[in-house]
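Heads up: the structure comes next, in structure tokens.
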Amino acid sequence: VARRQRRFEDKESRRWLGGARAASARLGTARQVIVVGDRESDIYPVFARRPAGVELIVRVAQNRSLAPDGRLFDAALEARGEQVVKVAAKPGQRARRARLRLSAGSVSLARPRNGAERNDPASLTLNFVETVEVAPPKGVKALHWRLYTTLPVDTAEAAAEVVRLYRLRWRIEEVFRVLKSDGLKLEDSQVEAAGRLFKLAALGLGAAVRIVQLTDARDGSRRPATDVVDAALIAPIAAIGKTLEGKTQRQKNHHPTASLAWLDWITARLGGWNCYYKPPGPKTMATGWKQLAAMLQGYITANKEALV
């Protein structure tokens with residue numbers, strides 16, 4: 001059967017609705033449940049069949065038809081002020097602060113000829129937020145996001161909150177990258193049993209979050225190191241850190257002792273960072289964290305034996 005002729009329940013894209021339903025079932029007592037999706041979840045039945053009590057934020061993938069006529073990208077929207085966001089560095093581009101112009105309103109989507117079924121409503125109304133970067137750096141493509149949402153967007157603050165929540169999706173992707181290719185390489189595990197895989201993933205998730213926290217702190221952070229390590233380990237970490245400092249000022253750890261940035265510097269050095277050139281990334285942090293964990297385990301073991 002051709003893909004367009006298959007029922008929605010028989011398509012792989014049903015997982016987006018399945019995720020929303022699972023969130024509703026497992027988080028039913030939560031104050032609020034918000035499912036955030038990228039372009040792949042721009043699916044009419046997902047909007048039409050979302051569980052009660054589940055809010056959506058979805059990045060637009062296509063210029064849909066509106067009811068009774070018109071196209072989505074031509075929808076009349078109202079200005080919702082501006083927002084400044086931090087944009088991380090990537091190959092060929094420096095980190096920057098981008099100024100975004102926001103506009104928002106409501107749109108009535110027409111049921112598509114393909115990708116929906118007759119029991120889905122002929123149209124449905126969603127809120128819509130569009131963000132466009134103002135005066136991007138020369139040679140850099142401007143940020144431009146279009147987002148559907150079931151959350152309110154009637155004020156500048158509400159529209160900005162939708163954008164903030166959408167941007168958190170990248171944090172989740174960063175954690176998953178650290179779990180896999182950028183750090184822990186969980187996919188290389190030879191564990192096959194579902195129960196054991198679940199436990200391994202749970203343990204790996206804690207480590208991945210710590211690595212992301214450390215990577216974030218590389219430019220300075222007021223957070224304490226105890227966000228990721230026990231307070232009793234600060235002293236041995238300080239002793240390790242002293243052995244990693246070099247002769248030049250750039251090879252000194254200038255961050256306040258016991259701060260997360262201080263711990264980040266030590267972890268990065270153990271991971272092979274030389275204090276020069278590009279800042280340490282997740283792979284360096286993951287390598288350094290493994291080294292630090294092994295050294296601390298030795299310290300803990302030695303102290304236990306000394307007390308016997």
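Keep in mind that the numbers below use all heavy atoms, side chains included, and drop hydrogens, waters and symmetry copies.
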**Heavy-atom donor-acceptor pair, N63 side chain to L72 backbone, under 3.5 Å** = yes
**Complete:** Shortest non-hydrogen pair, V153 vs G105, comes out as CG2-O, 4.0 Å
**Prompt:** Looking at CG of L197 and CG of L200, how far apart are the two atoms once the value is rounded to the nearest 0.5 Å?
**Reply:** 6.5 Å
**Prompt:** At what distance, to the nearest 0.5 angstrom, does CD of E157 lie from CZ of R80?
**Reply:** 10.0 Å
**Prompt:** Does CD belonging to E78 count more than 12 external heavy atoms closer than 6.0 Å?
**Reply:** no
**Request:** Apply the test side-chain contact (heavy atoms from CB on, under 4.5 Å) to residues V35 and R21: give CA-CA distance (whole Å), side-chain angles for both, the deciding distance (0.1 Å), then the verdict.
**Result:** CA-CA 10 Å; V35 175; R21 287 172 172 167; over 6 Å; no
**Message:** Could you check whether atom CD of E192 has more than 12 heavy atoms from other residues, nucleotides or ligands sitting under 6.0 Å from it?
**Reply:** no
**Residues R169, D38; criterion side-chain contact (heavy atoms from CB on, under 4.5 Å); working and verdict** = CA-CA 8 Å; R169 180 188 59 81; D38 208 350; 3.3 Å; yes
**Request:** Kindly say whether L143 contributes a backbone atom to a donor-acceptor pair with the side chain of E133 at under 3.5 angstrom?
**Result:** yes
If you look only at distance, which donor and acceptor atoms sit under 3.5 Å apart when one is on a side chain in residues 229-247 and the other is two or more places apart or in another chain?
| residue | atom | partner | partner atom | Å |
| --- | --- | --- | --- | --- |
| D230 | OD1 | A232 | N | 2.9 |
| T243 | OG1 | I240 | O | 2.6 |
| E245 | OE2 | N253 | N | 3.3 |

**Asked** Do R15 and E40 have side-chain heavy atoms sitting under 4.5 Å apart?
**Response** yes
**Message:** Quick one about R111 and S123 (side-chain donor to acceptor, distance below 3.5 Å, no hydrogens or angles considered), yes or no?
**Reply:** no
**Message:** I'd like to know if the side chain of S24 reaches the main chain of A20, judged simply by a donor and an acceptor atom lying under 3.5 Å from each other, with no hydrogens or angles considered.
**Reply:** no
**Prompt:** For L186 and A201, which heavy atoms make the closest approach, and how far apart are they?
**Reply:** CD2-CA, 3.9 Å
**Message:** According to a hydrophobic-cluster definition based on side-chain heavy atoms being under 4.5 Å apart (Ile, Leu, Val, Met, Phe, Trp, Tyr only), do F176 and V36 belong together?
**Reply:** no
**Request:** State, to 0.1 Å, how close R49 and L17 come at their nearest heavy-atom pair, and which atoms those are.
**Result:** O-CD1, 3.6 Å
**N/O donor-acceptor pair under 3.5 Å between D264 side chain and L260 backbone** = no
**Message:** Does Y148 form a side-chain contact (heavy atoms from CB on, under 4.5 Å) with D42? I'd like the steps, not just the answer.
**Reply:** CA-CA 9 Å; Y148 294 122; D42 179 0; 3.4 Å; yes
**Request:** Look at the side-chain heavy atoms of Ile, Leu, Val, Met, Phe, Trp and Tyr, link any pair under 4.5 Å apart, and say whether F73 and V132 land in one connected group.
**Result:** no
**Message:** As an exercise, state the distance from CD of Q190 to CG of D188, rounded to the nearest 0.5 Å.
**Reply:** 9.5 Å
**Item:** Connected via hydrophobic side-chain network under 4.5 Å: V33 and Y166
**Value:** no
**Prompt:** Yes or no on salt bridge (charged side-chain N to carboxylate O under 4.0 Å, His left out) for E82 and R99, after CA distance, side-chain angles and deciding distance?
**Reply:** CA-CA 7 Å; E82 294 186 350; R99 183 162 60 99; 3.0 Å; yes
**Asked** Any salt bridge between E130 and R146, counting N to O under 4.0 Å?
**Response** yes
**Item:** Same cluster (ILVMFWY, side-chain, under 4.5 Å), I34 and F47
**Value:** no
**Asked** Counting only heavy atoms not in R59, do more than 12 fall under 6.0 Å of its CZ?
**Response** yes
**Asked** Would a line drawn from the ring center of Y277 to the ring center of W273 be shorter than 6.0 Å?
**Response** no
**Complete:** Scanning both residues in full, the closest heavy-atom pair of S106 with N127 reads CB-OD1, 3.6 Å
**Complete:** Rounded to the nearest 0.5 Å, the CD1 atom of I266 sits from the CE atom of M295 at a distance of 10.0 Å
**Message:** Under a 3.5 Å distance rule, please check whether R50 uses its side chain to pair with a backbone N or O of V54 as donor and acceptor.
**Reply:** yes
**Request:** Nearest 0.5 Å please: distance from the CG atom of D74 over to the CG atom of D69.
**Result:** 11.0 Å
**Fill in**
A48 and D120 have their tightest heavy-atom pair at CB-OD1, 4.0 Å
**Request:** Would you indicate whether K199, at its atom NZ, is surrounded by more than 12 heavy atoms from other residues, nucleotides or ligands within a distance under 6.0 Å?
**Result:** no
**Message:** Looking at R71, I want to see if its CZ is surrounded by more than 12 non-hydrogen atoms of other residues, nucleotides or ligands under 6.0 Å.
**Reply:** yes
**Message:** Apply side-chain contact (heavy atoms from CB on, under 4.5 Å) to residues T150 and L126 and explain how you reach the verdict.
**Reply:** CA-CA 6 Å; T150 56; L126 295 171; 3.9 Å; yes
**Residue among L165, I57, V163 satisfying side-chain contact (heavy atoms from CB on, under 4.5 Å) with T149** = I57
**Item:** pair W265-H254: side-chain heavy atoms closer than 4.5 Å
**Value:** no
**Request:** Working to the nearest 0.5 Å, report the span between OG1 of T301 and CD of Q297.
**Result:** 4.5 Å
**Request:** Mind listing the closest non-hydrogen atom pair of T215 and P280 along with its distance?
**Result:** CG2-O, 4.2 Å
